[in-house]
There are 2 protein chains.
Amino acid sequence: LIVVLAGGVGAAKFLHGLAAAVPPDEITAIVNTGDDVEFYGLDISPDIDTVLYTLSGRVNPETGWGLAGDTVACLGALNELGEDTWFRLGDRDIATHLVRSSLLRSGLSPTAVTAELASRLGVRSWILPMTDSHFRTFVQTDAGRLPFQEYFVKRGQTDVVKAIEFEGCETAEPTPGVIEALRSAAGLIFAPSNPFVSIGTILAVKGVRQLIESRSYPSVAISPIIGGKALKGPADKMMSSLGHDISAVGVARLYQGLVDVFVIDNEDAGLKPEVEALGFRVIVTNTIMRGLPERERLARDVMQAIR
Amino acid sequence: LIVVLAGGVGAAKFLHGLAAAVPPDEITAIVNTGDDVEFYGLDISPDIDTVLYTLSGRVNPETGWGLAGDTVACLGALNELGEDTWFRLGDRDIATHLVRSSLLRSGLSPTAVTAELASRLGVRSWILPMTDSHFRTFVQTDAGRLPFQEYFVKRGQTDVVKAIEFEGCETAEPTPGVIEALRSAAGLIFAPSNPFVSIGTILAVKGVRQLIESRSYPSVAISPIIGGKALKGPADKMMSSLGHDISAVGVARLYQGLVDVFVIDNEDAGLKPEVEALGFRVIVTNTIMRGLPERERLARDVMQAIR
């Protein structure tokens, strides 16, 4: 069993390649739910959905999230009804949220609902929410404390992030599935996701960091920073405002003790000695994942490091 | 204040004309909620929505229900997710149900939620659910006992209705608004709706029939049966299988004691003496309401009878 710590788009692309490189049902993704949000009574789990949509071949290839060919008629009508509509929900996407919300309300856990959605979408890998408990990411900014999606979507990541807070992290428990996966894994992969608000949330769930620190299997991380920039999202700006180097080296420092092998992009080949000096084995390869062939090749490089 | 007992499409068309004939805020519609149904956690109130959509000029003119130009992308995705999708919900229509469901879940009553939706849609008449309590119509058929929408939509009204049952009618209370409207009305109108599953439900709410029987204002009914046929829906088949004449006379008999003036279509002019013999004053006019001019003219005829 290969376990992947996953955020949204970058992680989904990597998982897509991994599911081509190894049997899909030998993959378990532990997915960030700190970004989860509720609108109009719909329970929305953006990173889970991005992973499900990507692995089922339904994702919008232009954005990396949402469904291909989706429309926004419902959102337009919600806007006319005076509702806030800055969180973009497609009509077909809303079907997923309706099913999730209604299954949750019937008493199923987020883990059970995600398994049900994965099964209905034909996803054969194991997609696990990092916790079934309430857990919400907030950012402290110049403009005050903001729920993650307000910072990320509504305000377009324009605020300077001074601190990140996890509401619920004192009480949020990892699920039995998450604990079992981290205990029995043959290898662990940190997807190229935001180290603070995607991987950091998973590590903040009680006991998860300790389980990884005491692992007996190899652990590999792929840098989400290439040439001093995040391919997607605010990871680079957060690295800077939170006092870290905006580089693969900065990320590697965050993962010390949790990761054995660090994968950096060809563009960052010059950083290899610096990362090695931190105690990592370093793989230099192409980490940009446009289509499935690139994704699969990166996954094979990572699997080689694990084996 | 003019009070209208209302079902779905026929009532909505009449209310549309009435709102052109008298100031809209002098109209109170008491609307059937026995057809209400829940899908995917959405609280759907078909007759309320048909009235709101018609009065706000948003209704689909071809069907008489749903929203003009609506699409069904969400329903298609729900179908792909393995959900039952025989109840047709448009994408823009779902926005209404999302807002309703989320306001109800926040603790507002159906009456308060309907007032809020009416306000957001710019509807100036008072649209009141007949009750805020649980009340559901079932039909006993050859195929067994069916929830109303299963009979009406899923099975296309093909079953022979042997009896109609109202779940909750022993306990469902009229709202203060309904009681006040029926006490202080200047006139009461029975819209041309199904006498069993639209008007019959309203009359089955505790005390409503008694309030109407003891009225001190004129009461007018418009026959939903023209030339032995219902313009829309299964009223004619129900009249027959429940042992009534399929005619304006049959409907008039159902409304004895509740109605003073009975409006029949020109086509049924020959029935005038028979209806008069039942003790009604009879108006013969065109009751088919294609466009707004026809609707408004019918409303003016009815208002003249009330004055």
Side-chain angles (χ1 to χ4, degrees), chain A residues 37-44 48-49 52-53 56-60 66-85 87-108 113-123, chain B residues 37-44 48-49 52-53 56-60 66-85 87-108 113-123:
Chain A
V37 67
E38 191 180 309
F39 282 101
Y40 337 113
L42 295 174
D43 295 300
I44 303 163
I48 297 269
D49 288 341
L52 290 176
Y53 293 166
S56 64
R58 286 168 168 81
V59 80
N60 180 341
L67 287 160
D70 211 350
T71 48
V72 288
C74 186
L75 204 70
L78 284 162
N79 184 52
E80 287 175 29
L81 283 170
E83 296 288 325
D84 259 350
T85 52
F87 196 84
R88 207 157 172 82
L89 293 175
D91 295 318
R92 294 172 52 76
D93 188 32
I94 286 173
T96 306
H97 310 317
L98 283 170
V99 173
R100 167 180 294 117
S101 307
S102 126
L103 291 175
L104 286 173
R105 235 171 263 128
S106 79
L108 292 190
V113 172
T114 303
E116 175 68 22
L117 285 172
S119 153
R120 294 197 196 181
L121 290 166
V123 172
Chain B
V37 67
E38 191 181 306
F39 282 101
Y40 335 113
L42 295 174
D43 295 300
I44 303 162
I48 297 269
D49 287 341
L52 290 177
Y53 293 166
S56 64
R58 286 168 169 82
V59 81
N60 180 341
L67 287 159
D70 211 350
T71 48
V72 288
C74 185
L75 204 71
L78 284 162
N79 184 53
E80 287 175 29
L81 283 170
E83 296 287 326
D84 259 350
T85 53
F87 196 84
R88 206 156 172 84
L89 294 175
D91 296 317
R92 293 172 53 77
D93 188 32
I94 286 174
T96 306
H97 310 318
L98 282 170
V99 172
R100 167 180 294 116
S101 307
S102 125
L103 291 174
L104 286 173
R105 234 170 264 129
S106 79
L108 292 191
V113 171
T114 304
E116 175 68 22
L117 284 172
S119 153
R120 294 198 195 180
L121 289 165
V123 172

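Below, chains carry the letters A, B, ... as their sequence lines are ordered, and counting in each starts from 1. On a predicted model such as this, the values are computed, not experimentally measured, just so you know.
Residues forming a side-chain contact (heavy atoms from CB on, under 4.5 Å) with A:V37 (at least two apart in sequence, or on another chain): A:F39, A:I44, A:F87, A:Q149. The side chain to side chain donor-acceptor pair (under 3.5 Å) test applied to B:E80 returns A:R92, not counting sequence neighbours. Every residue two or more places apart in sequence or in another chain was checked for a side-chain contact (heavy atoms from CB on, under 4.5 Å) with A:A115, and none qualifies.
Against chain B, the residues from residues 99-107 of chain A that qualify, each with a non-hydrogen atom under 4.5 angstrom away, are A:V99, A:S102, A:R105 in number order.
In this structure, no portion of B:S119 lies under 4.5 Å from any heavy atom of chain A. Using a 4.5 Å cut-off between heavy atoms, A:L42 touches chain B through its side chain atoms alone.
For the pair A:L81 and B:L121, the minimum side-chain heavy-atom distance is below 4.5 Å.
Note: A:D91 CG to B:L78 CG = 10.5 Å, rounded to the nearest 0.5 Å.
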